[in-house]
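Note that this is a predicted model, so its numbers are computed, not measured.
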Amino acid sequence: MDVNGDLVHGAMLTAVDVDGSTRQGGLLGTLSEAHRIRRLELPVHTMLPVVLRQLLLPVMFDALGVPRSRQEWGERFHRGRFSQDERNCLADYLGPRYGGRFRLFDAERPFAQAVGLESLNGETKTAAQLVPSVASGNNVPLFSALSEADELLLTPGDAALWLLHVHCWDTASIKTGAVGDPQAKNGKTTGNPTGPLGQLGVVVPTGATLYETLLLNTPILPDGLEAGDRPQWAWDERPASLGCKSPAAPTWSERPATGLLDLLTFQARRVRLFTCETEQGLRVNRVIVSAGDRLAQTPQYEPHTAWQHTAKPKKGQPHRRPRRHASGRAVWQGLSTLLAMTLPEQGDGPYTSLLLRQIGNLQADQVLSQQYPLGVETSGLEYGTQSAVVENAIGDDLPLPVNALLAQDKWLREALLECVDQADRVARALDGLNNDLRRAAGGDPLPRDKGSRPSAQFLHSLDRTMRRLLVGLRTVGEDTDDLLERAQLAWEQSVQIAANREAGLLLAAAPPRAVLGRTVKNGDKEFVYRSGKAIGVFRAKLAEILERAAQERRATTKEAAV
């Protein structure tokens, strides 16, 4: 990458090709060759939505426009690559038209930064401010390899990625007061929200190639993009009537997004990078991160989140609010949210993302094949202490049968949700067994929020089984009920094996006195807890939950007896 930090042609992005080889390139090369790229090689899971939203998608939308019908979307998708005319448009957009605005260290208009930004105290901070996994200020990760006293040197390409990551995911900690910001007080700015993505449970559909992933993340807009909607690098083209502050200046405002391009490239911070020369070349070593624009409300056209629908919201609140991912849960455990294709008929409930609903509609119109190898990547950050520090990063991916996204066809979706519910019920039964064994041994049940539970290990052991099931069900159609039934039986048998294994470990760990057990009084009632009784109750619950597996065992036993 040259001294200006050219993101269009410099080695900013690392990609894995469909043949397994890796390549490095800039924006133009990555987009032009998107049909040859399997996936992007990025430093952390939360970086994929950053690159898609802040770079690839808005460039594609602004240069080529968005599809206005499912037919137009399908024509682009089935072509499998950008046409020569589209590649010429991309080259013009990232060349004569806006190429000069994608330079990280440009003296007049550095990309995604506020030129000449200065702190009120005249100080800068280490580049660790950009990377949440490195200790900086109050954010002190447990396993950080560096302390705040250590110097972090970022290559221009890495600095560009982490710069955009801050705009999307930054904590709500106190920000450095900037010269020229009338809202800064005592050298700082308080009351900052997290970056826009920090308020979502991000859901990104993925395809077989980067090109297909880009299309799967492209909403169909019959009326096209909003008039006056511009990405951050073209902020000066926004109509003055919108009242948007320049993201290249220290001032900021709380405002709604003016459209999809503005939402995707929202500048939630004012940032300036500082460089130094090293033996390895130019590196970013210092930074200023100040308050930036605050998104007044997540708009309903936000494409990368699932929603919580509230039938009767409080005054001033919307009916739909973004859902966040739960820490410690695999994405398949939240399939009930991902597959919620329609609004709850009564009361409150989940509603899946705009893009997954669109994919279901595309399959219903036979624009997208039901055998298409659709994937879903989820990501999120778990914040702590008033959202001022990062406590945990959430990231997972999952194969997803397209048929399950059909709003009008519930058979496959209901089968998948039944499998998830069975795993959850068996997990609760295991925790119940553990508590009964503890009582039988003279102890007390584990408190709700403390201790290591057997359900966690059990659900983790089912992860690969569920993924195999989802891959296998990609080819299931309505005329293959027998295949679906056999798949559900195989799932129940796998759950049975995993549950018996965990139950056996719990029983083996119980002390001998649990065999005799004890009697516990609760008011006028007496409850007898013994290990034998506890395992009997557990097995009865398993037979009730896993009916197919139980029936198969009974049939096998009957045949053997004959």
Side-chain angles (χ1 to χ4, degrees), residues 50 53-55 58 61-62 98 101 108-121 129-130 163-200 225-273 287-305 316-318 321-322 383 386-388:
V50 170
R53 293 169 64 97
Q54 290 274 342
L55 289 172
F61 296 167
D62 204 22
Y98 293 117
R101 301 187 181 188
E108 298 180 359
R109 196 164 183 161
F111 181 76
Q113 298 166 72
V115 63
L117 187 70
E118 296 181 26
S119 62
L120 287 170
N121 60 14
Q129 282 279 107
L130 304 177
L163 164 67
L164 297 177
H165 196 274
V166 160
H167 282 299
C168 294
W169 295 104
D170 192 30
T171 67
S173 60
I174 294 172
K175 302 302 166 193
T176 300
V179 174
D181 177 12
Q183 301 183 76
K185 295 180 180 179
N186 300 321
K188 58 189 178 182
T189 307
T190 59
N192 305 283
T194 66
L197 292 190
Q199 302 168 42
L200 314 178
L225 297 168
E226 292 286 338
D229 181 26
R230 308 300 300 130
Q232 58 90 0
W233 51 82
W235 59 265
D236 53 337
E237 299 174 9
R238 293 171 182 160
S241 59
L242 295 177
C244 299
K245 301 288 186 182
S246 163
T251 56
W252 54 272
S253 64
E254 182 173 352
R255 63 179 181 84
T258 61
L260 182 60
L261 296 177
D262 181 28
L263 176 66
L264 296 178
T265 62
F266 202 81
Q267 300 292 278
R269 299 291 181 264
R270 300 292 187 256
V271 185
R272 182 183 177 187
L273 304 180
V287 65
I288 296 175
V289 178
S290 296
D293 292 335
R294 299 178 181 181
L295 190 61
Q297 182 176 301
T298 303
Q300 299 295 298
Y301 57 82
E302 165 59 59
H304 289 124
T305 189
Q317 293 185 348
R321 304 179 72 179
Y383 301 95
Q386 298 181 326
S387 297

**Q** If every non-hydrogen atom of S290 is compared with every non-hydrogen atom of A178, which pair is closest and at what distance?
**A** OG-CB, 3.7 Å
**Q** When you look at T265 and W235, which way does the side chain to side chain contact (heavy atoms under 4.5 Å, CB included) test go after all the steps?
**A** CA-CA 10 Å; T265 62; W235 59 265; over 6 Å; no
**Q** Between L130 and V289, is a side chain to side chain contact (heavy atoms under 4.5 Å, CB included) present by the stated rule, with each step listed?
**A** CA-CA 8 Å; L130 304 177; V289 178; 4.2 Å; yes
**Q** For the side chain of D262 and the backbone of T258, is there at least one donor-acceptor N/O pair under 3.5 Å apart?
**A**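 The answer is yes, because a donor-acceptor pair under 3.5 Å joins these two groups.
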**Q** Examine distances only and state if a side-chain atom of Q267 and a backbone atom of G292 form a donor-acceptor pair shorter than 3.5 Å.
**A** no
**Q** Side chains of V287 and V166, heavy atoms from C-beta outward: is any pair under 4.5 Å?
**A**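 Side chain of V287 against side chain of V166, heavy atoms only: no contact under 4.5 Å found.
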**Q** Tell me whether the count of non-hydrogen atoms from other residues, nucleotides or ligands lying under 6.0 Å of CD in E237 goes above 12.
**A**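 Above 12, so yes.
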**Q** Once rounded to the nearest 0.5 Å, what's the spacing between atom OH of Y383 and atom CH2 of W169?
**A** 6.5 Å
**Q** I need the minimum non-hydrogen distance between A268 and P196, along with the two atoms involved.
**A** CB-CD, 3.6 Å
**Q** Locate the shortest heavy-atom distance separating S387 from T194; write the atom from each residue and the value.
**A** CB-CG2, 3.8 Å
**Q** Give the minimum heavy-atom separation between P256 and A296, together with the two atoms involved.
**A** N-CB, 3.9 Å
**Q** Which residues pass the salt bridge (Lys or Arg N to Asp or Glu O under 4.0 Å) test with E118, sequence neighbours left out?
**A**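 Partners of E118 by the salt bridge (Lys or Arg N to Asp or Glu O under 4.0 Å) criterion come out as none, since no residue qualifies.
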**Q** Roughly how far, to the nearest 0.5 Å, is the CG atom of D181 from the OG atom of S119?
**A**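 Between atom OG of S119 and atom CG of D181 there are 12.5 Å.
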**Q** Tell me every residue that passes salt bridge (Lys or Arg N to Asp or Glu O under 4.0 Å) with E108, counting only those two or more places apart in sequence or in another chain.
**A**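 Per chain and number, E108 pairs via salt bridge (Lys or Arg N to Asp or Glu O under 4.0 Å) with no residue.
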**Q** Determine, step by step, whether T176 and Q129 satisfy the side chain to side chain contact (heavy atoms under 4.5 Å, CB included) criterion, reporting the C-alpha distance in whole Å, the side-chain angles of both residues, the deciding distance to 0.1 Å, and the verdict.
**A** CA-CA 11 Å; T176 300; Q129 282 279 107; 5.5 Å; no
**Q** How far apart are the C-alpha atoms of T189 and Q183, what are their side-chain angles, what is the distance that settles it, and do they pass the side chain to side chain contact (heavy atoms under 4.5 Å, CB included) test?
**A** CA-CA 7 Å; T189 307; Q183 301 183 76; 5.5 Å; no
**Q** Would the distance check show the side chain of Q199 and the main-chain N or O of P322 forming a donor-acceptor pair, the cut-off being under 3.5 Å?
**A**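 Answer holds: no.
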**Q** NE2 of H304 to CG of L264: how many Å apart, nearest 0.5 Å?
**A**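 Spacing of NE2 (H304) from CG (L264) equals 7.5 Å.
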**Q** What's the shortest heavy-atom distance between D170 and R269, and which atoms?
**A**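 So the minimum-distance heavy-atom pair works out to OD2-NE, 2.6 Å.
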**Q** Going from CG on D229 to CG on L263, what distance comes out if it is rounded to the nearest 0.5 angstrom?
**A** 9.0 Å
**Q** Looking at E302 and Q300, would you say the former's side chain and the latter's main chain have a donor-acceptor pair under 3.5 Å?
**A**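 Side chain of E302 to backbone of Q300, a donor-acceptor pair under 3.5 Å: no, none is there.
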**Q** Judged by atom type as modelled, is there a donor-acceptor pair below 3.5 Å linking the side chain of N192 to the main-chain atoms of I174?
**A**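 Absent.
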**Q** D293 vs K245, test: salt bridge (Lys or Arg N to Asp or Glu O under 4.0 Å). Steps then yes/no.
**A** CA-CA 8 Å; D293 292 335; K245 301 288 186 182; over 6 Å; no
**Q** What residue among R270, Q232, Q54, R53 forms side chain to side chain contact (heavy atoms under 4.5 Å, CB included) with H167?
**A**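 Among R270, Q232, Q54, R53, the one meeting side chain to side chain contact (heavy atoms under 4.5 Å, CB included) with H167 is Q54.
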**Q** Please determine whether salt bridge (Lys or Arg N to Asp or Glu O under 4.0 Å) holds for the pair D62 and R230, giving the CA-CA distance in whole Å, both sets of side-chain angles, and the decisive distance to 0.1 Å.
**A** CA-CA 8 Å; D62 204 22; R230 308 300 300 130; 2.8 Å; yes
**Q** Rounded at 0.5 Å granularity, tell me how far CH2 in W252 sits from NZ in K175.
**A**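 One finds 12.5 Å between CH2 of W252 and NZ of K175.
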**Q** Could you tell me the separation between the CG atom of L197 and the CZ atom of F266, rounded to the nearest 0.5 Å?
**A** 12.0 Å
**Q** Count the heavy atoms belonging to other residues, nucleotides or ligands that lie under 6.0 Å from CZ of R321, then report whether that count exceeds 12.
**A**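 No, because the 6.0 Å sphere around CZ of R321 holds 12 heavy atoms or fewer from other groups.
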**Q** Closest heavy-atom contact between P250 and L117?
**A** CB-CD1, 4.0 Å
